[in-house]
Amino acid sequence: MPANTDRYENAVSRYFEAWNAREPKARTKAVAAAWAVGGGYTDPLADVVGHEQIAGVIAAAHEQFPGFAFRLTGAVDGHHDTARFSWELVSEVDGSAPVAGSDVITLAGDGRIRTVLGFLDRVPDGA
């Protein structure tokens with residue numbers, strides 16, 4: 001069981017590294033480390049496939065919320081090739097977290113993400 005738990009936690013750790021990468025080169029590298037080739041990301045605001053499009057969604061989030069970072073809330077829960085977890089988007093200035101969500105990921109054999117299904121649990125008015 002611990003090896004599987006590590007697999008999910010490692011995948012989620014790489015996922016957050018990608019979402020928190022601010023510089024384009026670092027983001028490109030982090031997305032490639034987190035997602036399998038041809039991997040996808042779907043949430044209420046985006047439905048994209050491939051590293052370049054995923055990096056574009058992440059860049060857009062940083063443009064909309066400068067000075068914010070994504071943070072895991074709670075534990076990562078997984079079985080087979082699927083894991084779920086919750087997160088918040090936290091201001092580095094005042095610690096507020098106006099956006100929160102829950103994601104479900106499926107993993108490829110190499111431990112990278114094949115798909116993300118994201119749900120927005122808390123979104124500020126006008127976002």
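One finds the OH atom of Y15 at 7.5 Å from the CD1 atom of I58 (value rounded to the nearest 0.5 Å). A distance of 7.5 Å separates OH of Y8 from NE2 of H79, quoted to the nearest 0.5 Å. One distance of note links CG of L89 with NE2 of H62; it measures 8.5 Å at 0.5 Å rounding. With values rounded to the nearest 0.5 angstrom, H51 atom NE2 is found 6.0 Å from I54 atom CD1. In this structure, CD1 in I105 is found 10.0 Å from CG in D81, a value given to the nearest 0.5 Å.
Residues V76 and F16 are members of one and the same hydrophobic cluster, defined by side-chain heavy-atom contacts under 4.5 angstrom among Ile, Leu, Val, Met, Phe, Trp and Tyr. A single hydrophobic cluster is seen to contain both F65 and V123, as judged by linkage of ILVMFWY side chains at heavy-atom distances under 4.5 Å, directly or through other members.
The number of heavy-atom neighbours closer than 6.0 Å to CZ of R114, taken from other residues, nucleotides and ligands shown, is above 12. In the displayed structure, E92 atom CD is contacted under 6.0 Å by more than 12 heavy atoms of other residues, nucleotides or ligands.
A donor-acceptor pair is defined here as one N or O able to donate and one able to accept, closer than 3.5 Å; such a pair exists between the side chain of R122 and the backbone of A97. Judged purely by atom type and a 3.5 angstrom limit, S91 uses its side chain to pair as donor or acceptor with the backbone of V93. In this structure a side-chain-to-backbone donor-acceptor pair under 3.5 Å is missing from N20 to A69. Formation of a donor-acceptor pair under 3.5 Å by the R27 side chain with backbone atoms of A21 is found in this model.
In plain terms, the two heavy atoms of L107 and A11 that are nearest each other are CD2-CB, 3.6 Å.
Contact check for L120 versus L45: side-chain heavy atoms found under the 4.5 Å cut-off. Within the 4.5 Å cutoff, the side chain of V57 has heavy atoms near those of the W19 side chain.
There is no side-chain donor-acceptor pair under 3.5 Å between S86 and T73.
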Using the side chain to side chain contact (heavy atoms under 4.5 Å, CB included) rule, take V104 and V116 through it: C-alpha gap first, then chi angles, then the decisive distance, then the call.
-> CA-CA 6 Å; V104 176; V116 176; over 6 Å; no
Show the numbers, then the answer: is there a side chain to side chain contact (heavy atoms under 4.5 Å, CB included) between V99 and F68?
-> CA-CA 10 Å; V99 181; F68 283 76; over 6 Å; no
T42 and T115: CA distance, side-chain angles, deciding distance, side chain to side chain contact (heavy atoms under 4.5 Å, CB included) verdict = CA-CA 8 Å; T42 302; T115 61; over 6 Å; no
Output side-chain donor-acceptor pairs under 3.5 Å for residues 28-41, partner residues at least two apart or in another chain, one line each.
| residue | atom | partner | partner atom | Å |
| --- | --- | --- | --- | --- |
| T28 | OG1 | P24 | O | 3.0 |
| W35 | NE1 | G40 | O | 3.3 |
| Y41 | OH | D43 | OD2 | 2.7 |

